[in-house]
Amino acid sequence: PDGWEPLSANRRLTLDGERTLVFTVRVPLEALADQVAVFKLVAAQAELVKGDAQGSIRVAALGGLRMRAPDEVQLEPGDVVRMKVFVTNTGNAPDTVRLSDVRSLWRVALEPSSFALAVGESREVQVTLFPNQQFGRGFIYLLRVRGESSLDADATNEVQVLFRFGAVQ
């Protein structure tokens, strides 16, 4: 396929019996999951083909998420506590993303909290906080939201947002 490149097109080997031949192919970053490249190795001696072998390389599915949110949100006490988080699938396969708050003391609504994303697709998520206490001006609250890939347990990401209520005194 376009963009796939063997790092060495020719290699001279001296064989005495059976040997393993190791070679490297550069796979483009844009390669999608399950894309297959077929290769053929030809063994020749003095322009005479002595043998050949064929094989293939299949790209594994990798999950990846990017999340964006404002670093800080300014509000007045009594305001509706609402903001947006943007989630992008940076992996190489369609993925289902699950969002959750991280140990929030307040109830958090994430709409939607689970959704499918195509490769490179982004989605806006509405985040609403429901304070469980009364507070005045100068109150600060930190919210963390985590995104998890269904493809890869290691493909998680988090954003954190600082909410400031009124002017800090």
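All figures in this text were calculated on a predicted structure; none of them were measured in a lab.
Contact annotation: the side chain of Gln35 approaches that of Trp4 to within less than 4.5 Å [non-hydrogen atoms, C-beta and beyond]. For the pair Arg137/Pro77, a side-chain contact is recorded, criterion being any heavy-atom separation below 4.5 Å from C-beta on. For the pair Leu162 and Asp71, the minimum side-chain heavy-atom distance is 4.5 Å or more. Val25 has its side chain out of reach of Phe39: every pair of non-hydrogen atoms, C-beta onward, lies at least 4.5 Å apart. The side-chain heavy atoms of Leu75 and Val81, taken from C-beta on, include a pair separated by under 4.5 Å. Side-chain contact between Arg164 and Tyr141 is absent, with no heavy-atom pair separated by less than 4.5 Å. At least one side-chain heavy atom of Asp34 sits under 4.5 Å from a side-chain heavy atom of Arg58. Ser104 places a side-chain heavy atom less than 4.5 Å from the side chain of Leu143.
Residue Leu151 comes nearest to Asp95 through the heavy atom pair N-OD1, 3.4 Å, listed as atom of the first residue, atom of the second, then distance. Contact detail for Leu65 and Ala155: the closest heavy-atom pair is CD1-O, 3.7 Å. Closest heavy-atom contact between Leu105 and Asn132: O-ND2, 2.9 Å. Minimum heavy-atom separation, Pro131 to Leu129: CD-O, 3.5 Å. Shown here for Thr96 and Ser114, the closest heavy-atom pair between the two residues is CG2-OG, 3.8 Å. Taking all atoms of both residues into account, the shortest heavy-atom contact from Pro112 to Val125 is O-CG1, 3.5 Å.
At a threshold of 4.5 Å between side-chain heavy atoms, the hydrophobic network of Ile, Leu, Val, Met, Phe, Trp and Tyr places Val108 and Phe86 in two separate groups. Connection of Val127 to Met67 is established within a shared hydrophobic cluster, with ILVMFWY side chains joined at heavy-atom distances below 4.5 Å, either directly or through further cluster members. Residues Leu32 and Val59 fall into different hydrophobic clusters, defined by Ile, Leu, Val, Met, Phe, Trp and Tyr side chains chained together at heavy-atom separations under 4.5 Å.
For the pair Asn92 (side chain) and Leu62 (backbone), a donor-acceptor distance under 3.5 Å is present. In this structure a side-chain-to-backbone donor-acceptor pair under 3.5 Å is present from Asp152 to Asp154.
Within 6.0 Å of CG on Leu29 lie no more than 12 heavy atoms contributed by other residues, nucleotides or ligands. Heavy-atom contacts from other residues, nucleotides or ligands closer than 6.0 Å to CD of Gln54 number more than 12.
For the atom pair Glu148 CD and Thr156 OG1, the distance stands at 6.5 Å (nearest 0.5 Å). To the nearest 0.5 Å, the span separating OG on Ser113 from CD on Gln126 amounts to 13.5 Å.
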- Under the side-chain contact (heavy atoms from CB on, under 4.5 Å) rule, what do Leu41 and Asp52 come out as? Steps first, then yes or no, please. CA-CA 5 Å; Leu41 299 175; Asp52 62 16; over 6 Å; no

- Item | Derivation and outcome, side-chain contact (heavy atoms from CB on, under 4.5 Å), residues Gln160 and Leu142 | CA-CA 7 Å; Gln160 58 183 24; Leu142 179 68; 4.0 Å; yes

- Task: Show your working on side-chain contact (heavy atoms from CB on, under 4.5 Å) between Phe115 and Arg98 and close with a plain yes or no.
- Result: CA-CA 7 Å; Phe115 48 90; Arg98 189 174 62 84; over 6 Å; no

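Side-chain atoms of Gln74 and Glu72 include a donor-acceptor pair closer than 3.5 Å.
In summary, Asp101 and Arg144 do not engage in a salt bridge, as defined by a charged side-chain N under 4.0 Å from a carboxylate O.
A side-chain contact (heavy atoms from CB on, under 4.5 Å) with Leu117 is found for exactly one of Thr90, Asn89, Thr88, namely Asn89.
Applying the ring-ring contact (aromatic ring centres under 6.0 Å, His included) criterion to Phe135, with sequence neighbours excluded, gives Trp106, Phe139, Phe165.
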